[in-house]
There are 2 protein chains.
Amino acid sequence: MATHTSPLPHSDALSLLELARDAIACSTEPEFHGLIHRLRRVLPFDCAVCAWGDVGLAMEKGAAATGLVDVGYPPEYVDVYVRNGYQNRDLVLRDFLVTGEPQNFVTVEKRHPGGRRNVVRRLDRDHGLLDGWAYGVVNAYGEFSSVFFFAGRQTDRSARAAAVLEHAVPHLTEALKRVLRGRAAVLRYGLTPCEVEVLKWVKDGKSSWEISVILGKSERCVNFHVANAVRKLGAANRTHAVAIAVAKGIVDL
Amino acid sequence: MATHTSPLPHSDALSLLELARDAIACSTEPEFHGLIHRLRRVLPFDCAVCAWGDVGLAMEKGAAATGLVDVGYPPEYVDVYVRNGYQNRDLVLRDFLVTGEPQNFVTVEKRHPGGRRNVVRRLDRDHGLLDGWAYGVVNAYGEFSSVFFFAGRQTDRSARAAAVLEHAVPHLTEALKRVLRGRAAVLRYGLTPCEVEVLKWVKDGKSSWEISVILGKSERCVNFHVANAVRKLGAANRTHAVAIAVAKGIVDL
DNA sequence: AAAAAACCTGTCAAATCTGACAGGGACCGA
DNA sequence: TCGGTCCCTGTCAGATTTGACAGGTTTTTT
């Protein structure tokens with residue numbers, strides 16, 4: 001058997017194995033936060049944030065088509081970043097999307113002429129997030145993708161840190177997929193809360209009349225929302241719409 | 001950070017990390033076989049087999065409610081084992097189900113008076129599978145569970161071997177879930193091939209008339225199979241049946 | 001303040017689904 | 001050989017969905 005040339009120390013590898021195993025059982029947002037805190041013991045950082053969704057759609061529609069899971073990032077930071085569309089000027093994000101590999105904030109800054117004056121770097125410095133990493137899982141158009149940022153005053157910039165992220169982040173992404181089942185698709189198809197609501201009841205086999213009694217609205221109103229959901233999902237009828245909604249996690253059994 | 005007291009050597013931990021990462025992308029049976037062969041480099045064995053399905057249902061209905069994925073086990077062995085219902089007399093399987101921990105064949109044999117004369121052990125010896133391990137993931141009634149057997153002339157019986165399985169098997173189980181999406185549920189609900197077939201077309205939004213044209217059967221025949229599928233799935237109508245079928249992986253989008 | 005989006009409701013006809021009656025043949029396992 | 005299972009088909013009535021016309025109010029965003 002070929003020997004490994006991995007930069008991961010033994011204790012890191014064992015911690016990551018346990019994290020990978022425990023990520024399988026993760027199904028709620030608090031559990032997901034717990035995984036991020038577990039990761040912090042292997043690779044210290046002050047805060048993390050994950051942008052998730054359909055990367056292709058995010059390119060078209062920007063932040064409106066993306067979700068965020070915030071684990072300790074300063075809310076003002078996130079607000080300014082999103083409102084100004086800074087993902088379009090983020091050198092670290094760009095270099096990650098281009099290379100597919102973990103990107104260190106400082107390393108990227110030094111790589112680009114004028115990197116120090118970049119608006120995102122200035123925002124980083126304003127909030128004391130002088131260093132950190134970006135890494136994620138980027139899938140095809142229409143699939144769930146993620147980009148994580150782990151930031152702080154300083155971080156380990158070595159190949160070991162990159163290796164930690166390369167092993168941890170795919171499992172964190174799988175866990176996040178389970179936690180967020182459906183939210184990406186609701187965003188993608190632009191379904192309104194009423195449309196999702198009626199789909200849930202249709203999925204349970206209720207007739208439009210039964211749903212109207214349950215929701216206290218007219219049968220006509222229910223049919224109106226069902227028809228809108230069918231159209232937005234590109235379905236042929238309500239059965240087809242339910243199939244799509246269940247498959248995409250918009251509604252659960 | 002607390003130091004680990006894991007029996008896993010560094011190189012094993014790294015190999016398992018890569019196995020765990022690659023298991024995420026596994027979605028076909030050949031890829032799954034590839035993962036098993038990868039595992040063999042960490043923990044040598046001659047052959048493996050996985051019994052999967054709903055453990056509760058398997059207790060009720062035996063082998064009829066269980067699937068098998070065979071990676072090198074002698075077919076005659078598997079045939080004799082299944083036909084004689086040897087899972088009910090398998091001390092290794094029993095000890096695994098009781099403890100939830102990896103069980104070594106020889107260790108179990110020595111633990112039980114008369115273990116050497118056990119029919120499964122005799123079958124093992126007849127086929128040269130003198131040693132090996134059993135380990136799996138057992139979930140609640142109605143959920144996908146697995147039990148893997150890794151066997152050969154001899155295997156590593158140390159705590160290291162058990163630790164390898166404890167880290168590898170959960171990821172193999174998740175991979176197998178993806179590979180086998182739905183087969184467990186078809187078994188569980190007792191759906192016939194025609195019932196699954198019409199569900200696929202209904203799921204795509206086709207009317208019974210359209211499906212009858214596609215399949216070259218009468219519309220009455222299609223409705224008959226749809227109604228049977230609805231009843232077997234315990235659904236209120238075809239829309240509800242499709243929701244269940246998609247959720248359980250019986251049909252895919 | 002204005003525009004857009006979301007939500008709500010009525011009526012009617014045609015299409016489709018559901019339930020219930022009727023009947024049959026082929027194949028497999030005990 | 002017999003019983004069970006799977007698959008196939010016809011007819012009919014009532015229930016539900018679908019599509020298309022008509023109209024409205026409230027909330028949110030710019």
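Chain A is the first sequence line, chain B the second, and so forth, proteins listed ahead of strands; every chain is numbered from 1.
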Does any residue of residues 240-253 of chain B have a heavy atom under 4.0 Å from DNA chain D, and if so, which ones, in number order?
none
Is there a side-chain contact between A:His33 and A:Val69 in this structure, where contact means two heavy atoms from C-beta onward sitting under 4.5 Å apart?
yes
Listing time: all N or O pairs from protein to nucleotides 12-17 of chain C that are below 3.5 Å?
unit_1, atom_1, unit_2, atom_2, d
C:dC17, OP1, B:Arg238, NH1, 2.9
C:dC17, OP2, B:Ser208, N, 3.1
C:dC17, OP2, B:Ser208, OG, 3.3

Could you check if a side-chain atom of A:Val246 sits within less than 4.5 angstrom of a side-chain atom of A:Lys203, using non-hydrogen atoms only?
yes
Measure CD/A:Glu197 against P/C:dC8 and give the value in whole Å, please.
10 Å
Between A:Glu174 and B:Lys177, is the salt bridge (Lys or Arg N to Asp or Glu O under 4.0 Å) condition met? List the steps.
CA-CA 14 Å; A:Glu174 291 299 298; B:Lys177 268 181 178 174; over 6 Å; no
Atom-pair distance (CD1 on B:Ile211; P on D:dC8), nearest Å
13 Å
Assign the ring pair A:Tyr77 / A:Tyr73 to parallel, tilted or perpendicular, where the plane angle (0 to 90°) is split at 30° and 60°.
perpendicular
On the 0 to 90° scale, with breaks at 30° and 60°, tag the B:Phe150-B:Phe148 ring pair as parallel, tilted or perpendicular.
parallel
Is it true that a side-chain atom of B:Arg121 and a backbone atom of B:Leu130 form a donor plus acceptor pair closer than 3.5 Å?
yes
Quick one: does A:Val186's side chain get under 4.5 Å of A:Val196's, heavy atoms only?
yes
Is the ring pair B:Trp52/B:Phe144 parallel, tilted or perpendicular, if the boundaries are 30 and 60 degrees?
parallel
Donor-acceptor contact below 3.5 Å, side chain B:Arg178 vs main chain B:Cys26:
yes
Closest heavy-atom pair and its distance - A:Val198, A:Val222:
CG1-CG1, 4.4 Å
Passing option when B:Ser208 is tested against B:Arg238, B:Glu219, B:His225 for side-chain hydrogen bond (donor to acceptor under 3.5 Å, both in side chains):
B:Arg238
Taking atom P of C:dA5 as reference, at what distance in whole Å does atom CD of A:Glu195 sit?
13 Å
Given side chain to side chain contact (heavy atoms under 4.5 Å, CB included), test B:Leu93 with B:Tyr86 step by step and report yes or no.
CA-CA 10 Å; B:Leu93 175 59; B:Tyr86 279 173; over 6 Å; no
Please list residues of residues 224-234 of chain B whose heavy atoms come under 4.0 Å from any atom in DNA chain D, ordered by number; otherwise none.
B:Phe224, B:His225
What is the per-nucleotide protein-contact pattern of nucleotides 24-30 of chain C, from the 5' end, where B denotes a base atom under 4.0 Å from a protein heavy atom, S denotes such proximity for sugar-phosphate atoms only, and - denotes neither?
-------
Sub-4.5 Å side-chain heavy-atom contact between B:Val108 and B:Arg94:
no
What's touching nucleotides 3-5 of chain D from the protein side, N or O pairs under 3.5 Å?
none

Within the distance-only criterion (no hydrogens, no angle test), does the side chain of A:Ser146 pair as donor or acceptor with the backbone N or O of A:Gly136 below 3.5 angstrom?
no
Angle between the two end axes of the helix from C:dA1-D:dT30 to C:dA30-D:dT1, five base pairs per end, rounded to 10 degrees?
70°
By nearest heavy atom, map B:Ser218 and B:Gly190 onto DNA chain D; which one lands nearer the 5' end?
B:Gly190
Find out whether A:Leu129 and A:Pro74 are in side-chain contact, i.e. whether some heavy atom of one side chain is under 4.5 Å from a heavy atom of the other.
yes
Keeping the roles fixed (side chain from B:Asn84, backbone from B:Val80), state whether a donor-acceptor pair exists under 3.5 Å.
yes
Could you tell me if the side chain of B:Arg125 sits less than 4.5 Å from the side chain of B:Arg116, heavy atoms only?
yes
Side-chain donor/acceptor of B:Asp204 to backbone N/O of B:Lys206, under 3.5 Å:
no
